[in-house]
Amino acid sequence: MALNVSFSVDSPPLSVIAAAKIAGIRLSTDPSLPPGSDPAIRLASGVKRSNLRLIREVLQGTDTLLRHIGSIAALPNFYGQDRLEAEQIDKWLEFSLVFLSGSEFENACSHVDGHLTLRTLLVGFYVSIADIAIWSALAGTGQRWESLRKSKKYQNLVRWFNSILTEHGDALNEVIGAYVGKRGLGKVHVGNSKGIVGGGNSKDSSARALPKENTAGFEVDLPGAKVGEVRLRFAPEPSGYLHIGHSKAALLNTYFAERYQGQLLIRFDDTNPSKESSEFVDNVLKDIDTLGVTYEKVTYTSDYFDDLMKMAEKLILVGKAYVDDTPREQMQKERMDGIDSRCRNKTVEENMAMWKEMIAGSERGLQCCVRGKLDMQDPNKSLRDPVYYRCNLDSHHRIGAKYKVYPTYDFACPFVDSVEGITHALRASEYHDRNAQYHRILADMALRDVQIYEFSRLNMVYTLLSKRKLLWFVQNGKVDGWDDPRFPTVQGIVRRGLKIEALVQFILQQGASKNLNLMEWDKLWTINKKIIDPVCPRHTSVIEEKSVILILENGPEKPFVRIIPRHKKYEPAGQKATTYTKRIWLDHVDASSITEGEEVTLMDWGNAVLEEGEDFLDNLNPCTRRETLAIGDANMRNLKRGEIIQLERKGYYKCDVPFLRPSNRVVLFAIPDGRQQASLN
């Protein structure tokens, strides 16, 4: 198929020309349109394409042309693999225009750099027209981007830019050489690379070592991992909402899946019906989406309950498991002391009879559990006949009362990992002693082994991250819910004003250490401030208590309104209307520091003259919530829920309840800045 693109000679559509070359589509160019004209492609008579703007059989506009090329290209997922990815690509096409605004160029670079922190590509796992649009926008600025590219300011963005150039260097250098500069973009500045490698549509991932620039902040490898053959899982238990500790595991799994062009599954470890609910499932998925985690599909351990029961029965029949009715406390003591259970050498027939009692949920069965017959004298106590199955009569949130027995995590996890084709199981280093148990159980099951990769658990100072303890706060009314802004849940900290980009950077800065980390919240909020300060709008407010009205001697006789920027250095923040009058509100602390007749400087005004005027319950902080009434400027009526602003001289805030009616106040949550406690909460 051959296409002809027409455009103005002063604004060639680099992304369109580059996308066509990469896709192997023959494209002739006609730079004859008047200055300021949108690029256009004329379709053959009768051609109809859905979702594209068709004007007399002519497609117009860079984004429209890119979508057309993406939809007809033979490259896999060039316009996304599904509707969701296509919508994400559309947003990036719109965003690419921001690079054309000189004042917003570095803000745009910062945004894309943050997005690419744990990603190899902008959308999904294949180069798409979104990548080509942003890449071309950067390259099209010439020396401005080249200067930043040689610096260390936007390392993720440079890594991504170089990887696109490495893969499609011939096509891209040809386009840039023709329309931007005669020298093209030169060499890729990574490792010992010599010039541009690859080009066109060549893609041999399996035979190519993974470029080091894709390793972002971790600089580690998965043992035995091969590009295109890695399959991971993030397996939360649906017994609560995700908290900041879980986010590290989720993002680390995402990082490795994208780095090795592999797959990531979300699997709910729903083996304890007493603690789990559909509410938790729904909100964990919401949290995963908030974190920007992309995954192949969602599965449940409960999908495999029949297979797990058959495996338990098989192990009983071959003498690798037995049914034990030893009381719980005695069993724990025997395990600690390395003493065999009196049930350990029962016959297969006796074990099967008790197993059937367990399946029936009988009074006798409720006294029993299934244990693996491993080694009661092993120095590693996790190998001392761990429990595989126990009875539970509670209804399961997905399958109701079908089962009376449920597998333990120790038994179910290795089984499902192997059956689902997981190549690498990421586990916190605190479970190191249980790794031997994991491999031994798989060996007894005669299933494919799975490699374990350990990472350090994320712990925060003065913070509880146990879901059981967090649930206590919710159930006892100590907080308003799992999304309370004082809570360390993902929903809580995001509601408080944390940007996900800050959380990603925070986790990456910890590196790949397997030592336990006890981190300060101040460090996280400091990163967050650096992200929100350059872009959040500015407003003014006065603490209502003891507020003072000042009369300005040289103030305007008649009030007037002036339109000023909401952020002096960030135009996209928009504008606000500021009223100038002789009477103004002032904080009491400010009013008490000035005297009558003194000349003062007012922000956005200039100068004026005044006329006058241990058990965790034992260590709970009893005062974690403080409300302060304030008077804000009228523009704050227009704030939207979730919008982050700065109140001048007070700090950063996130709008939780916007203005609806005069009787309802706007509610703002104070966002810590890593340095001092905010004055409003």
Side-chain angles (χ1 to χ4, degrees), residues 1-43 58-70 72-75 78 92-93 96-100 102 105 108-109 122 127-150 157-158 160-189 193-203:
M1 177 183 296
L3 298 175
N4 177 273
V5 59
S6 302
F7 53 88
S8 170
V9 68
D10 62 346
S11 55
L14 299 180
S15 57
V16 174
I17 300 171
K21 283 191 172 293
I22 289 172
I25 297 173
R26 291 171 54 199
L27 186 74
S28 58
T29 58
D30 175 19
S32 62
L33 294 183
S37 300
D38 286 337
I41 289 178
R42 181 173 295 278
L43 297 177
V58 174
L59 299 177
Q60 290 183 316
T62 300
D63 291 357
T64 301
L65 303 190
L66 279 172
R67 294 187 187 101
H68 177 65
I69 291 173
I72 65 175
L75 293 177
F78 206 36
W92 283 112
L93 298 187
S96 65
L97 297 176
V98 179
F99 289 97
L100 301 179
F105 182 79
C109 289
L122 291 176
V127 171
S128 69
I129 54 175
D131 295 289
I132 305 307
I134 300 297
W135 193 97
S136 300
L138 288 169
T141 64
Q143 189 57 43
R144 182 170 191 181
W145 165 243
E146 279 301 291
S147 297
L148 284 175
R149 184 181 168 210
K150 295 173 183 176
L157 183 60
V158 172
W160 164 84
F161 185 91
N162 288 342
S163 69
I164 301 296
L165 183 58
T166 298
E167 191 165 4
H168 301 290
D170 292 344
L172 294 173
N173 264 327
E174 181 180 344
V175 174
I176 298 304
Y179 296 100
V180 179
K182 297 300 182 183
R183 296 185 298 107
L185 289 169
K187 299 180 179 180
V188 179
H189 305 285
S193 176
K194 300 294 184 181
I196 305 302
V197 296
N201 298 328
S202 175
K203 216 171 187 180

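All values derive from a computational prediction rather than experimental measurement. All values below come from the heavy atoms of this structure, side chains included, with hydrogens, waters and symmetry mates left out.
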For Glu167 and Ile22, run side chain to side chain contact (heavy atoms under 4.5 Å, CB included): C-alpha distance rounded to whole Å, both residues' side-chain angles, the deciding distance at 0.1 Å, then the answer. CA-CA 10 Å; Glu167 191 165 4; Ile22 289 172; over 6 Å; no
Smallest heavy-atom separation, Ser28 atom then Asn4 atom, equals OG-ND2, 2.8 Å
For Ile132 and Ala18 the tightest heavy-atom approach is CG2-CB, 4.0 Å
Any side-chain heavy atom of Ile72 sitting closer than 4.5 Å to one from Leu3? yes
Report yes if the side chains of Ile69 and Val16 come closer than 4.5 Å at any heavy-atom pair, otherwise no. yes
Could you check if a side-chain atom of Thr29 sits within less than 4.5 angstrom of a side-chain atom of Tyr179, using non-hydrogen atoms only? yes
Run the numbers on Leu33 and Asp38 for side chain to side chain contact (heavy atoms under 4.5 Å, CB included), then give the verdict. CA-CA 8 Å; Leu33 294 183; Asp38 286 337; over 6 Å; no
From OG (Ser96) to CG (Asp131), nearest 0.5 Å: 12.0 Å
What is the minimum heavy-atom distance between Leu65 and Ala40, and which atoms define it? CD1-N, 3.9 Å
Below 4.5 Å, heavy atoms only, C-beta onward: do Leu157 and Leu138 meet side chain to side chain? yes
What one should report as the nearest heavy-atom pair of Phe78 and Ala73 is CD2-CB, 3.6 Å
Within the structure provided, determine whether Val158 and Trp145 are in side-chain contact (heavy-atom separation under 4.5 Å). yes
For the atom pair CG (Leu93) and OG (Ser128), what is the distance rounded to the nearest 0.5 Å? 8.0 Å
Would you call the rings of Phe99 and Phe105 parallel, tilted or perpendicular, taking 30° and 60° as the class edges? perpendicular
Minimum side-chain heavy-atom gap Leu59-Arg67 below 4.5 Å: no
When rounded to the nearest 0.5 angstrom, what is the spacing between CG in Leu172 and OG in Ser136? 7.0 Å
Min side-chain heavy-atom separation Leu165-Trp135 under 4.5 Å: yes
With sequence neighbours excluded, residues passing side-chain contact (heavy atoms from CB on, under 4.5 Å) with Ser147: Gln143
Are Leu14 and Thr62 close enough that some pair of their side-chain heavy atoms sits under 4.5 Å apart? no
Tell me the closest heavy-atom pair linking Ala20 and Leu27, and the distance in Å. CB-CD2, 3.8 Å
Indicate the atoms forming the closest heavy-atom contact of Pro39 with Pro13, along with that distance. CB-CG, 3.9 Å
How far does CG of Asp30 sit from CZ of Arg42, to the nearest 0.5 angstrom? 11.0 Å
